[in-house]
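Inspection log for the structure reproduced underneath, given as structure tokens.
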Amino acid sequence: MVCEEELLIEKVCGLYEQISSLESLKPCKNVDMLFTQLVLTCIPPSPIDVTNLNKNVQEIRSHLIKLCGEAEGHLETHYSTLLGSYDNPLQNLHIFPYYSNYLKLGLLEFTILTQHCTHVPSKIAFVGSGPLPLTSIVLASNHLPSTTFHNYDMDPLANSNAMRLVSSHPDLSNRMVFHTTDILDVSNALKEYEVVYLAALVGMDKESKNRIIDHLAKHMNPGALLMLRSAHGARAFLYPVIEPCDLRGFEVLTVFHPTDEVINSVVIARKYPVPMHSLDQGLASKILPNKCSEIQAFNPLNHGNMIEEFAIEEQL
């Protein structure tokens, strides 16, 4: 097992060296090939715990996540621009190479959401929607046909590209709203949303990710749901990891780790109905770092082998 982990780390570090030496991360044959190799290396289920890596590999992992984020941004911009040239962009989403993954992830997240949402949400916020807001599009088109989606991104060009995709659609043009702003500058508006999605690459390091989560905990409505994306095993070389103890002010409800081609783990949490400062001093701050109180085998869509259920209320 140790030997397998060493081989995995060696291969990832070798790919990092090649990727970090590229002049550009914009889509091209060489870039696509290297990132495909990286993804195929990291996708198989692995017991590796990235928190136990040595300092040098930890730094490589941090840099690699940023490079993946940059490459993903270029890829989405490329395909958003291409799709925007079609008369009916939404009818051609299949040209995006990872569209099928978004369909699976959207169904998975909707299935988990329905287990914890007592009614159909009227307004959902997606933080970090980017130039190709496929999660919002898939959920709005396939699963939540009456919900309005408020998409937040700091990049005006990303929002401009995204708006072009839905502007000609008679339904989604009315249900997809775009805000060009830093979510840390949004306060009262966050109380309007029953569900808030946080994209995997919003907050590329632990400190900035936790700052955003703390901001959401402060301003979201009590009882509102927060849906996050994390990573597990070797997939944590591609995306940041969110631990339950990072979610101060939230009750962690479910953590699900897919083992198929859907890379991201899914985390759903509910904002506590009491002020955040009282949680910091109370029982919840002692319970959350324990990670979970109950683990159930649950696999509604054959995506993986584990969902962790957090039954904090029972402990309280």
Side-chain angles (χ1 to χ4, degrees), residues 1-78 96-98 100-102 104-105 108 128 130 198-210 228-246 255-267 291 303-306 308:
M1 190 65 69
V2 174
C3 183
E4 285 183 20
E5 288 190 13
E6 289 176 352
L7 289 172
L8 172 66
I9 292 169
E10 183 180 340
K11 187 166 184 181
V12 169
C13 290
L15 288 167
Y16 165 76
E17 291 297 329
Q18 295 180 70
I19 290 169
S20 60
S21 65
L22 293 169
E23 290 185 8
S24 169
L25 296 178
K26 292 182 178 179
C28 68
K29 187 175 180 180
N30 196 29
V31 170
D32 296 347
M33 179 191 69
L34 287 172
F35 278 102
T36 297
Q37 287 182 24
L38 180 64
V39 169
L40 292 176
T41 300
C42 296
I43 270 190
S46 168
I48 193 169
D49 183 350
V50 294
T51 61
N52 294 331
L53 300 173
N54 65 51
K55 185 178 179 181
N56 181 51
V57 180
Q58 289 278 17
E59 289 179 357
I60 287 174
R61 173 181 170 260
S62 296
H63 292 153
L64 187 57
I65 287 172
K66 291 176 182 177
L67 291 171
C68 288
E70 184 182 342
E72 191 170 312
H74 286 310
L75 186 71
E76 290 188 1
T77 298
H78 172 78
F96 182 63
Y98 300 107
S100 62
N101 286 23
Y102 276 90
K104 291 179 180 179
L105 181 59
L108 170 63
L198 184 62
L201 294 173
V202 175
M204 297 290 282
D205 55 67
K206 197 89 168 170
E207 183 181 343
S208 56
K209 179 82 76 175
N210 286 354
L228 312 99
R229 290 170 183 172
S230 181
H232 184 67
R235 300 169 185 219
F237 283 107
L238 307 174
Y239 290 101
V241 174
I242 296 174
E243 299 288 356
C245 55
D246 298 328
V255 179
F256 181 67
H257 303 303
T259 55
D260 61 2
E261 65 271 20
V262 175
I263 296 172
N264 289 117
S265 299
V266 178
V267 181
K291 201 157 187 184
H303 281 285
N305 59 3
M306 181 170 67
E308 301 170 2

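Numbering starts at 1 and runs along the sequence shown.
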Describe, in one word, how the ring planes of His257 and His232 are oriented to each other, choosing from parallel (under 30°), tilted (30 to 60°) and perpendicular (over 60°).
parallel
Any Val255 side-chain heavy atom under 4.5 Å of Ser230 side chain
no
Please tell me if the side chains of Pro240 and Leu201 come closer than 4.5 Å, counting only heavy atoms from C-beta onward.
yes
Hey, can you pull the donor-acceptor pairs under 3.5 Å for the side chains in residues 23-35, sequence neighbours left out?
unit_1, atom_1, unit_2, atom_2, d
Ser24, OG, Lys26, N, 3.1

What's the verdict on side-chain contact (heavy atoms from CB on, under 4.5 Å) for Ile48 and Leu53, showing C-alpha distance, side-chain angles and the deciding distance?
CA-CA 9 Å; Ile48 193 169; Leu53 300 173; 4.1 Å; yes
Test side-chain contact (heavy atoms from CB on, under 4.5 Å) applied to Glu5 and Asn52, step by step:
CA-CA 11 Å; Glu5 288 190 13; Asn52 294 331; over 6 Å; no
Going by salt bridge (charged side-chain N to carboxylate O under 4.0 Å, His left out), name the residues that satisfy it together with Arg229, two or more places apart in sequence or in a different chain.
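Partners of Arg229 under the salt bridge (charged side-chain N to carboxylate O under 4.0 Å, His left out) test: Glu109.
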Do Tyr239 and Glu72 pair up side chain to side chain, a donor and an acceptor below 3.5 Å, judged on atom types alone?
yes
Would you say CD of Glu59 has more than 12 non-hydrogen atoms from neighbouring residues, nucleotides or ligands within 6.0 angstrom?
yes
From Leu22 atom CG to Glu17 atom CD, the distance as rounded to the nearest 0.5 Å
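Between Leu22 CG and Glu17 CD, I get 11.5 Å after rounding to 0.5 Å.
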Spell out, as yes or no, whether a donor-acceptor pair under 3.5 Å connects the side chain of Arg235 to the backbone of Val262.
yes
Would you confirm whether Lys11, through its side chain, and Leu38, through its main-chain N or O, come within 3.5 Å as a donor-acceptor pair?
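Side chain of Lys11 to backbone of Leu38: no pair is present.
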Which atom pair, heavy atoms only, marks the closest approach of Ser208 to Gly203?
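Smallest heavy-atom distance, with atoms named: OG-CA, 3.4 Å.
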One pair to check against side-chain contact (heavy atoms from CB on, under 4.5 Å): Leu75 and Tyr98. What are the steps and the verdict?
CA-CA 10 Å; Leu75 186 71; Tyr98 300 107; 3.7 Å; yes
